[in-house]
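FYI, side chains are in, hydrogens and waters are out, and symmetry mates aren't considered; it's all heavy atoms of this structure. Both counts, for ligands and for their atoms, begin at 1 and track the order of listing.
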Amino acid sequence: MVYMEYRYDVVIIGAGIAGTTAAYFIARNGFSVALVDIKSEENIGKKVCGDAVGEHHFIELGLEKPVIGEDATGIYEGVRVVSPDNKYYIDVMGRGYSLDRQKFGYKMYKRAIDAGVEAFLKHYFAKPIIEGSWVKGVVIRDRKGSEKVLRSKVVVDASGVTGVVRTSLPQDWWITERIPKEDFNITYREIIEGDIQGIDEKYAYIYINVDIAPGGYWWLFPKGGGIYNIGLGIQWKEGNPNPKANYEKYIKTSLKGAIRSVIDGGGGLVPTRRPISCMVWNGFVVIGDAAATANPIHGGGIGSAMISAKTASDTISDALLRGDPSMDGLWRYHVLYHRAYGAKQASLDVLRMFMQKLSNEDYNFVFRSNIVSGEDVYIMGSRGVLTNKIFNRIRALLTLVTRPAFLAKLYKVKQYMDQAYSLYLNFPRTSEGFKRWKEEENALFNDFKNWLKSW
Ligand SMILES: Cc1cc2nc3c(=O)[nH]c(=O)nc-3n(C[C@H](O)[C@H](O)[C@H](O)COP(=O)(O)OP(=O)(O)OC[C@H]3O[C@@H](n4cnc5c(N)ncnc54)[C@H](O)[C@@H]3O)c2cc1C
């Protein structure tokens, strides 16, 4: 068989948020980039999603904000988190957008193309090109089965939650770490047109209820003009219900006649955990959902996919300039990403596992007794830490409401969160220290999981 062969500095598999962001930044730095996706151009940007993203991500990354009427349909002033008994809520303030997801994704794709990126659409990743312990490119296949060889100095896996490239590599490479299914949420969501009463449209609504969404939550995000994005995420775990069944049973029923028509429906997986431990190999980098960069608590992954893409792009460009795209040449990506987001993810992953153990009663208690304010949640969400100030306030209040067992648990969780944060912040500066770091990481998380099991 005769293959068409192409050469690039960088080949990126996946033209989602992570892939298009990385393609744009790397091309802007003057390198040749190929961007591969299964989708046709008309479908680029399409993704089952809650469509909500915080404004701060665009400011922090120096990217153009979404524009209402173009790639956004509305603005949120904050998130309203509602208790299981529906009696209480916490408002977490912070501006965000409801995106027109397809237009937003397409805009990012177009920006990459305009920066000089070459696209191979309607092509899927077939296999990696491996030489020794290096990734040297990929073989891609079109829908008729004809193959092309794309050789490159660096291959980037931005294929989303399946991580098709990294999972195809030799299993003894650190990069192939398997993610346990409990670390994912299975989701179902619909975009509907209707007239939902009692909603303040300046908020994105998150409803906590372990009967409806065990290990996750259900959401109602107004998109403006009588359109709503409504869905739920459930921890992927033996015995947990099917999200679509629970959507029909609880959510649709509760909205009764308010839904006039369903515009779109679908599901997908969201990684809700800390990032994979090793995100680079010789000539290889993983970004976005493929590296599990979404937020462990709320599953939002658009902002962090962009952060991982930007930190990876800076590292890749630097490595190419130095002529060293080896694992050690690319290692700094970990350090930059963990400083920007990964350490927070690790800390919030501890909190996520704790929260997945709580009952509706526990949650009602937390809301009812006012022990956590919107500002506390904002600080926890943006910095990933349960600060001493917050903890001391919670402690004082908990003493008053006499829940010492809960306080003791929370204190332990705070300690694990702090340790996880610091472990990721002190990620080894070279690959040499990785094995020891990984042992410490395993020990910390196994210890925490065992403690949770002992309740
Ligand atoms: C129901 C749901 C609701 C969500 N809500 C929100 C939200 O409100 N806010 C938020 O911030 N995040 C949300 N997320 C998470 C967010 O959508 C993801 O974290 C984000 O899209 C990750 O971007 P990515 O580029 O890593 O992956 P993706 O967006 O999944 O992109 C991967 C790309 O790779 C391509 N690809 C896959 N396999 C191959 C292959 N073999 N060959 C070639 N191409 C391939 C795909 O076609 C796709 O274009 C939600 C997720 C789900 C499932």
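Here the protein heavy atom with the shortest distance to atom 1 (C) of ligand 1 is T187 OG1, 3.1 Å. The protein heavy-atom contact nearest to atom 12 (N) of ligand 1 is G301 N, 2.9 Å. Counting only heavy atoms of the protein, atom 13 (C) of ligand 1 lies nearest to C49 SG, 3.6 Å. With respect to atom 51 (C) of ligand 1, the closest heavy atom belonging to the protein is V270 CG2, 3.7 Å. Ranking protein heavy atoms by distance to atom 31 (O) of ligand 1, first place goes to G16 CA, 3.4 Å. Here the protein heavy atom with the shortest distance to atom 9 (N) of ligand 1 is A52 O, 2.7 Å. Annotation: atom 45 (C) of ligand 1 to nearest protein heavy atom, I38 CG1, 3.6 Å. With hydrogens left out, the protein atom closest to atom 21 (O) of ligand 1 is R101 NH2, 2.9 Å, a heavy atom.
By the neighbour-count criterion of 12 heavy atoms within 6.0 Å, atom NZ of K148 is densely surrounded, having more than that number from other residues, nucleotides or ligands. Counting heavy-atom neighbours within 6.0 Å of E64 CD, excluding the residue itself, gives a total of 12 or less. At most 12 non-hydrogen atoms from other residues, nucleotides or ligands lie less than 6.0 angstrom from NZ of K122. The number of heavy-atom neighbours closer than 6.0 Å to CD of E375, taken from other residues, nucleotides and ligands shown, is 12 or below. Other residues, nucleotides and ligands contribute at most 12 non-hydrogen atoms within 6.0 Å of the NZ atom of K153.
The shortest N or O to N or O distance between G50 and ligand 1 is under 3.5 Å. On a distance-only criterion, G288 and ligand 1 share no N/O pair closer than 3.5 Å. Of the N or O atoms in D289, one or more lie within a sub-3.5 Å distance of an N or O in ligand 1. By the 3.5 Å distance cut-off applied to N or O atoms, D51 is counted among the residues near ligand 1. At a 3.5 angstrom cut-off on N or O pairs, I287 does not count as close to ligand 1. At a 3.5 angstrom cut-off on N or O pairs, A290 does not count as close to ligand 1.
The proximity of S304 to ligand 1, defined as any non-hydrogen pair under 4.0 Å, does not occur for either the backbone or the side chain. Both the backbone and the side chain of D37 come within contact range of ligand 1, each with a heavy atom under 4.0 Å.
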Just do the ring-ring contact (aromatic ring centres under 6.0 Å, His included) check on Y424 and W437 with the steps written out, would you?
-> CA-CA 9 Å; Y424 273 73; W437 179 90; 5.0 Å; yes
Could you walk me through whether Q197 and D195 pass the side-chain hydrogen bond (donor to acceptor under 3.5 Å, both in side chains) check?
-> CA-CA 6 Å; Q197 298 295 313; D195 183 15; 3.0 Å; yes
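Between F120 and Y6, the distance from one ring center to the other falls under 6.0 angstrom.
Ligand 1 lies less than 4.0 angstrom from a heavy atom belonging to V164. Contact between H298 and ligand 1 is absent, with no heavy atom of the residue lying under 4.0 Å from the ligand.
A distance of 9.5 Å separates NZ in K438 from CG in L423, rounded to the nearest 0.5 Å.
Residue-ligand proximity, V48 to ligand 1, at heavy-atom distances under 4.0 Å covers atoms 1 (C), 2 (C), 51 (C), 52 (C), 53 (C). Of all atoms in ligand 1, listed by their number and element, those nearer than 4.0 Å to a heavy atom of A158 are 32 (C), 33 (C), 34 (O). Atoms of ligand 1 found under 4.0 Å from any heavy atom of K39 (numbered from 1 in listed order, with element): 47 (O), 48 (C), 49 (O).
Side-chain N/O atoms of D71 and Y106 include no donor and acceptor closer than 3.5 Å.
A distance-only check finds no donor-acceptor pair linking the side chain of D9 to the backbone of F31 [under 3.5 Å].
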